[in-house]
Amino acid sequence: MDLDRLYREQERLAKRAKLYDAFGKIRYVAGLDCSYTGDRIIGGAVVVDYETLEPVEYAHATRTLKFPYIPGLLAYREAGAMMAAFRKVRRDVDVLMVDGFGVNHPRRCGIATHVGVKLDMPAIGVGKSFLCGESCGADICQDGEKVGRMLYTGGSKRPIYVSPGHRISLDTAVELVKHCIVSGRLPEPTRLAHEYVTALKKKYAGN
DNA sequence: GCGACAG
DNA sequence: ATCTTGTCGC
């Protein structure tokens with residue numbers, strides 16, 4: 001497979017990413033994540049009420065695994081299943097919270113940016129481990145630009161990495177993620193989505 | 001060439 | 001991500 005073509009597509013998508021707030025009042029936030037079972041990938045979306053942080057809708061979709069895991073190209077492995085799951089959501093979602101990175105990425109196009117731009121939805125990336133960049137205090141910089149921020153949540157020793165994906169600024173993305181922290185290390189949308197796809201994996205294993 | 005490397 | 005038991009800690 002020619003990865004160069006994918007790298008070029010990422011650069012094109014990155015140019016379309018808007019790093020300023022472009023959305024209205026937030027009512028629903030959808031968390032997106034994936035799990036695997038055999039040669040299948042399961043994408044899941046959990047819609048959470050932004051005020052109560054309670055889940056109000058669940059949707060999922062499965063695909064045959066076609067792409068390997070390659071750092072920097074995660075979207076080509078998981079974005080398809082995530083978007084398929086999100087398309088099944090009935091509710092009018094305002095913001096997407098994706099498991100992975102946004103513009104804090106080698107080519108400024110992590111999975112949150114990839115999904116956000118393709119669906120033209122405000123999107124935030126929430127990573128659980130370092131990908132790239134230099135740490136400038138709590139911020140993560142790339143070429144002198146702030147592209148993400150480390151957040152020590154849930155009293156964890158390890159930080160989570162928040163970066164804007166599309167139609168949102170870094171500060172607002174951080175603000176929304178903090179708002180969604182209840183007690184765990186991850187914000188509710190992403191935490192519930194992970195819990196959801198993990199439970200689905202077990203069901204598919206016995207089916 | 002060497003090291004780093006989301007999920 | 002996934003394979004896996006018990007175990008330390010709040």
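Each chain gets a letter, A, B and so on, in the order its sequence line appears, and its residues count up from 1.
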- prompt: Crowded around A/Asp92 CG? As in, over 12 foreign heavy atoms under 6.0 Å?
  reply: no
- request: Specify the separation, in whole Å, of atom NE2 of A/His105 and atom C1' of B/dG7.
  value: 12 Å
statement: Rounded to whole Å, CG of A/Asp99 lies from C1' of C/dT2 at a distance of 15 Å
query: For A/Tyr69 and B/dG7, are the ring centres under 5.5 Å apart with planes inclined under 30°?
result: yes
Within-4.5 Å side-chain heavy-atom neighbours: A/His179 and A/Glu175: no
- prompt: Once the angle between the rings of A/Tyr76 and A/His114 is folded into 0 to 90°, is it parallel (under 30°), tilted (30 to 60°) or perpendicular (over 60°)?
  reply: perpendicular
query: How many Å lie between CD1 on A/Ile111 and P on C/dA1, as a whole number?
result: 12 Å
task: Describe the nucleic acid contact of A/Ser35 in one word from base, sugar-phosphate, nothing, applying a heavy-atom distance below 4.0 Å.
output: sugar-phosphate
statement: Which of B/dG7, C/dA1, C/dT2 is nearest the side chain of A/Ser129? It is B/dG7
- prompt: How many Å lie between CD1 on A/Ile70 and C1' on C/dA1, as a whole number?
  reply: 15 Å
- request: Answer with base, sugar-phosphate or nothing: what part of the nucleic acid does A/Leu65 contact at a heavy-atom distance below 4.0 Å?
  value: nothing
field: Whole-Å distance separating the OH atom of A/Tyr76 from the C1' atom of B/dG7
entry: 16 Å
- request: Write down the distance between NZ (A/Lys202) and C1' (C/dT2), rounded to a whole number of angstrom.
  value: 13 Å
query: When the distance from CE of A/Met82 to C1' of C/dA1 is rounded to whole Å, what number comes out?
result: 11 Å
message: Whole angstroms only, please: what is the CZ-P distance between A/Phe130 and B/dA6?
response: 10 Å
message: At less than 4.0 Å, is any side-chain N or O atom of A/Lys128 found next to OP1 or OP2 of B/dA6? Yes or no.
response: no
- line: Closest to the side chain of A/Glu78, out of C/dC3, B/dG7, B/dA6, is B/dG7
- prompt: Any side-chain heavy atom of A/Tyr28 sitting closer than 4.5 Å to one from A/Val47?
  reply: yes
